[in-house]
Structures are given as C-alpha cells and as structure tokens.
Amino acid sequence: MMMEQISLLIQEKRIIEALDRIKPYLQHTDLFWWRPLMASWDEIEPFRTLVRLFDYALMYRHSGLVARYAHRKFNTLQTLAWLCDEWLDQRRPLDVEEALTPRLTAALEGRVEEPRAAIARAAFGLVRALLAMPRVVEARDGLEVVARYEMAPMHDTWGYVDIETGDRTNA
C-alpha cells in the first residue's frame, strides 16, 4: 500500500480517492486481514495516516482498530492519545485521566522525550476528559499546557472549551 500517496490525498482533502486506494482492505473488515499489513510497519506514520483517513471518513470503528494496534505496537504518548480519543467517544473520561496523567506528567517534566505535537494532542485529550467530568478549572489549566506545545493557532480549541463550559459570548 502506498501510504505516502494516501497521506498526500488526505492533505489535499481528497478522502474518497484515498479510500479507493485501501478499498481491498476495507472489503475485509476482519482484524486478521489488516494485521499482516500493520505488522509490516515499523514507524508510526502509516498508522497516523490511516487514523486521519478513517476519522475524516467518519469510520470510527476502523480508526479505533488502527489506534489500538498502533498503541500495542509502539506504546507512545501519540498512540495513547488516539486510544483516549476512542475512550472519550465511549464516555470513559476516568480511564482517559488515569492513562494520560502519568504519561503526560513524565513528558512535561522532561523524564520522557515526546514530540511537541504528541504532548499537545494528549493534553487536549485530558482537557476533554476533564470537561466531560465537569472539572472546568482543571480543564482550563490543561489548556494552558496545550497552548505551550501546540504549533498551530488555537482559536477553535479555546472556543471549544468556552462552548463546553457555557461561555458562548467568549466563544
């Protein structure tokens, strides 16, 4: 499978064409059909590409399958963040908090080297979990961490928190 081409199609928002490239695998939704393909990948990028593709295509079951396999294989903060996104969709914010807090703390204290994007994504996952519980003050503190590590503008992220906390004027 040409993951570079699929990644390029995703960047260009040509999701249908990207899905056509993986159509033979989509016709076999059984995990055992996907396992040899995913086992052959030694980097996280092909997993990231598939997770993004399936999220864009609203194929969350497939996205979850890829995220779980990637986390078992690599066990990084990024893969944990993907797994926690799935848990949040399943209304499991306590599991998210328990899983993310120690890993995120280790990354923030510099005990573990993690990419800035992974820290930002994990911190935002924790913010979402805290909002779901509703622990607004802690969520806003977590959003400050996201702001320190996020490379892109955060207007939508701040707006999301404002809407979730009922502050529509500020959103």
Side-chain angles (χ1 to χ4, degrees), residues 1-104 106-107 112-129 131-132 146 149-157 159-160 163-164:
M1 188 180 309
M2 303 300 264
M3 295 308 292
E4 298 84 17
Q5 291 175 352
I6 293 171
S7 181
L8 184 61
L9 290 171
I10 292 169
Q11 288 174 356
E12 295 172 357
K13 305 290 191 251
R14 294 166 45 194
I15 305 306
I16 301 299
E17 292 175 50
L19 287 170
D20 283 340
R21 300 285 172 102
I22 62 168
K23 193 173 188 174
Y25 290 94
L26 289 175
Q27 292 171 338
H28 301 280
T29 58
D30 184 23
L31 174 61
F32 295 108
W33 184 262
W34 286 86
R35 186 174 284 158
L37 175 66
M38 291 189 294
S40 70
W41 295 334
D42 295 326
E43 298 175 347
I44 201 169
E45 275 312 307
F47 291 96
R48 182 186 328 269
T49 299
L50 281 185
V51 167
R52 287 185 63 209
L53 174 61
F54 291 145
D55 283 350
Y56 278 130
L58 305 178
M59 299 172 70
Y60 300 118
R61 193 180 95 215
H62 288 77
S63 178
L65 179 142
V66 173
R68 286 189 304 273
Y69 191 94
H71 187 62
R72 279 193 303 271
K73 186 169 183 169
F74 296 107
N75 193 18
T76 66
L77 187 58
Q78 178 65 63
T79 60
L80 179 60
W82 294 338
L83 191 59
C84 287
D85 284 344
E86 183 180 7
W87 289 348
L88 285 169
D89 292 341
Q90 297 170 357
R91 299 188 180 274
R92 296 171 53 189
L94 285 173
D95 292 335
V96 171
E97 182 184 22
E98 288 175 5
L100 278 180
T101 300
R103 296 282 298 270
L104 195 53
V112 177
E113 187 68 30
E114 294 285 353
R116 292 180 64 89
I119 293 172
R121 174 124 185 195
F124 187 63
L126 185 57
V127 166
R128 288 179 53 212
L131 287 171
V146 176
Y149 288 91
E150 183 60 60
M151 307 291 261
M154 290 195 30
H155 306 295
D156 290 342
T157 308
Y160 170 80
I163 285 173
E164 288 294 315

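- With a 4.5 Å cut-off on side-chain heavy atoms, Arg21 and Gln5 count as touching.
- Take Phe74 and apply the ring pair (Phe, Tyr, Trp, His ring centres under 6.0 Å) test, not counting sequence neighbours, and it matches Phe47.
- Between Leu88 and Gly125, the closest heavy-atom pair is CD1-O, 3.7 Å.
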I would like to know whether Leu53 and His62 meet side chain to side chain contact (heavy atoms under 4.5 Å, CB included); could you show each step before the answer?
CA-CA 10 Å; Leu53 174 61; His62 288 77; over 6 Å; no
Check step by step if side chain to side chain contact (heavy atoms under 4.5 Å, CB included) holds for Asp95 and Gln90.
CA-CA 10 Å; Asp95 292 335; Gln90 297 170 357; over 6 Å; no
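- Interatomic distance, Thr76 OG1 to Ile44 CD1, rounded to the nearest 0.5 Å: 4.0 Å.
- Nearest heavy-atom pair across Val96 and Ala129 is CG1-CB, 3.7 Å.
- Annotation: side chain of Trp41 is in contact with side chain of Leu50 (closest heavy-atom distance under 4.5 Å).
- Residues satisfying the side chain to side chain contact (heavy atoms under 4.5 Å, CB included) test with Asp89, not counting sequence neighbours, are Arg128.
- For the atom pair CZ (Arg72) and CG (Leu83), the distance works out to 9.0 Å, reported to the nearest 0.5 Å.
- A distance of 7.5 Å separates CG of Leu80 from CG of Asn75, quoted to the nearest 0.5 Å.
- The number of heavy atoms from other shown groups lying within 6.0 Å of CG (Asp156) does not exceed 12.
- The side-chain hydrogen bond (donor to acceptor under 3.5 Å, both in side chains) with Thr79 is formed by just one residue from the set Arg68, His71, Arg48; it is His71.
- Atom-to-atom distance recorded for Ile6:CD1 and Gln11:CD is 12.5 Å, nearest 0.5 angstrom.
- Closest of all the heavy-atom pairs between Arg103 and Leu77 is NH2-N, 3.2 Å.
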Enumerate, atom names and distances included, each donor-acceptor pair closer than 3.5 Å involving a side-chain atom of residues 112-124, sequence neighbours excluded.
from   : atom 1 : to     : atom 2 : distance (Å)
Arg116 : NH2    : Arg148 : O      : 2.5
Arg121 : NE     : Asp85  : OD2    : 3.4
Arg121 : NH2    : Asp85  : OD2    : 2.5

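- To the nearest 0.5 Å, the span separating CG on Leu131 from CD1 on Ile163 amounts to 11.5 Å.
- If you run side-chain contact (heavy atoms from CB on, under 4.5 Å) between Phe54 and each of Ile15, Leu65, Thr49, Val66, only Val66 comes through.
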Checking Glu150 against Thr157 for the side chain to side chain contact (heavy atoms under 4.5 Å, CB included) test, could you report, in this order, the C-alpha distance in whole Å, the side-chain angles of both residues, the deciding distance, and whether it holds?
CA-CA 10 Å; Glu150 183 60 60; Thr157 308; over 6 Å; no
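- Between Leu19 and Ala57, the closest heavy-atom pair is CD1-CB, 3.8 Å.
- Taking CD of Glu43 as the start and NZ of Lys73 as the end, the distance is 10.0 Å to the nearest 0.5 Å.
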